[in-house]
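Have a look at the structure below before the remarks.
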Amino acid sequence: MKLRLSCLLVLVLASACTPPVGYGKVIAATASEVPSPTSTAPAAPREVPLETHTGTGNGEFATSWPADQLGFFTFDCPKCSSNVIIDADGGEHGLVNAIGAYKGTTWLNTYPDRPVTRVTVRANAPWTATIQDYRSLPTASPGQPSTGKGDAVLRLPEGATHVQFTVKTRGSTGLWVMSPEQRDLLVNQIGDLQVERDVRGPAYLRVDGYEANWTLTPS
């Protein structure tokens, strides 16, 4: 019995010291200068030139997006027919997780001490990835319904304090809000829904749900 317990202890210690294994090597699609990480607070939004990367199938690229600036990442793969998985090395680990043809937008660089410097792509068709600043986002104006399908980010203007969110889907949907005063997951639900949530503009609203048809109405 003592011998068996000793062997078990050796196996446990060996497992604790073994580093995690990733999903393997990917083919480089494009490359550029990688910015140095920063641990300073986010800077005020400023205009940043559009950054574009293209590839076919699995790939990896370095981003030159400023480490202290929020970026809005759009991935477009209209001919994808299998899993679409986009990962990054910053604070946001999973940018996209979908199946089939995909186009959607999410945010990155929301953790100033862990900026994104590299992005990995799992896809099976030609794709385009862009990173843009706040000017690229649609505005969800108070009293006016904003409609869309799939993952998206919208700007919520100053003065908005409330949002109605309606979704038609068989999958799961999330709604996030981010501002200097607030960063919350407002909704996390499977299936159709109609909810109302308190918010405080100016802010950004992020819809997660690549199969979802949704309507956002601020007030």
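Along the sequence shown, the residues carry numbers beginning at 1.
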Work out which heavy atom in P115 is nearest to a heavy atom in A67; give both atom names and the distance. CB-CB, 3.7 Å
What pair of heavy atoms forms the shortest contact from A125 to C80, and how long is it? CB-N, 3.7 Å
Between D192 (side chain only) and T169 (backbone N and O only), is there a donor and an acceptor less than 3.5 Å apart? yes
For the rings on Y134 and Y204, is their centre-to-centre separation under 6.0 Å? no
Single-linkage hydrophobic cluster, 4.5 Å side-chain cutoff, F73 and V207 together: no
Main-chain N/O of G71 paired with N109 side-chain donor or acceptor, under 3.5 Å: no
To check you understand the geometry: which heavy-atom pair defines the closest contact between G174 and L185, and what is its length? CA-CD1, 4.5 Å
What distance do L95 atom CG and T74 atom OG1 have between them, rounded to the nearest 0.5 Å? 11.0 Å
Which value, rounded to the nearest 0.5 Å, describes the distance between I131 atom CD1 and W65 atom CH2? 6.5 Å
Hey, could you give me the CZ/CG distance between R122 and N58, rounded to the nearest 0.5 Å? 6.5 Å
On a heavy-atom basis, which atom in K103 and which in D76 lie closest, and how many Å separate them? CB-OD1, 3.7 Å
The reported gap from CZ in F165 to OG in S146 (rounded to nearest 0.5 angstrom) is 11.5 Å
Indicate yes or no: at least one non-hydrogen side-chain atom of I86 is less than 4.5 angstrom from one of V119. yes
In terms of the angle between their ring planes, are H53 and F61 parallel, tilted or perpendicular, with boundaries placed at 30° and 60°? parallel
Donor-acceptor side-chain pairing of D89 and T117 below 3.5 angstrom: yes
Would you say L137 ends up clustered with L205 if hydrophobic residues are merged whenever their side chains have heavy atoms under 4.5 Å apart, either directly or through other cluster members? no
When rounded to the nearest 0.5 angstrom, what is the spacing between CD in Q132 and CG in L50? 5.0 Å
Validation row: T173, D208 side chains within 4.5 angstrom (heavy atoms): no
When every non-hydrogen atom of P157 is compared with those of S141, the smallest separation belongs to CG-CA, 4.5 Å
May I ask you to decide if L186's main-chain N or O and R197's side chain share a donor-acceptor pair within less than 3.5 Å? yes
Considering all heavy atoms, the nearest Y111-G91 contact: CD1-CA, 3.5 Å
Option from L156, L154, L216 for which side chain to side chain contact (heavy atoms under 4.5 Å, CB included) with V163 holds: L216
Please determine whether a side-chain nitrogen of the Lys or Arg among D68 and R46 lies less than 4.0 Å from a carboxylate oxygen of the Asp or Glu. yes
State whether a side-chain donor-acceptor pair under 3.5 Å links D151 with Y102. yes
Donor-acceptor pair, side chain of E92 and main chain of T110, under 3.5 angstrom: yes
Path from W107 to V177 over hydrophobic side-chain contacts below 4.5 Å: no
Are W127 and F75 close enough that their ring centres sit under 6.0 Å apart? yes
Is a side-chain donor or acceptor of W176 paired with a backbone partner of R183 at a separation under 3.5 angstrom? no
Residues R118 and E60 bridged, charged N to O under 4.0 Å: yes
Can you tell me if E51 and T130 form a side-chain donor-acceptor pair at under 3.5 Å? no
Residues R135, E47: salt bridge by 4.0 Å N-O rule: yes
How long is the straight-line distance from CD of E196 back to NE2 of H162, given to the nearest 0.5 Å? 3.5 Å
Co-membership, hydrophobic cluster, residues V84 and V153, 4.5 Å side-chain: no
For the pair L175 and R206, evaluate side chain to side chain contact (heavy atoms under 4.5 Å, CB included) and give the outcome as yes or no after the intermediate values. CA-CA 6 Å; L175 178 64; R206 189 183 89 191; over 6 Å; no
Check whether the side chains of S81 and N124 place a donor and an acceptor atom closer than 3.5 Å, and report yes or no. yes
Check for me, please, whether L70 and L108 land in the same ILVMFWY cluster - side-chain distances under 4.5 Å, paths through other members count. no
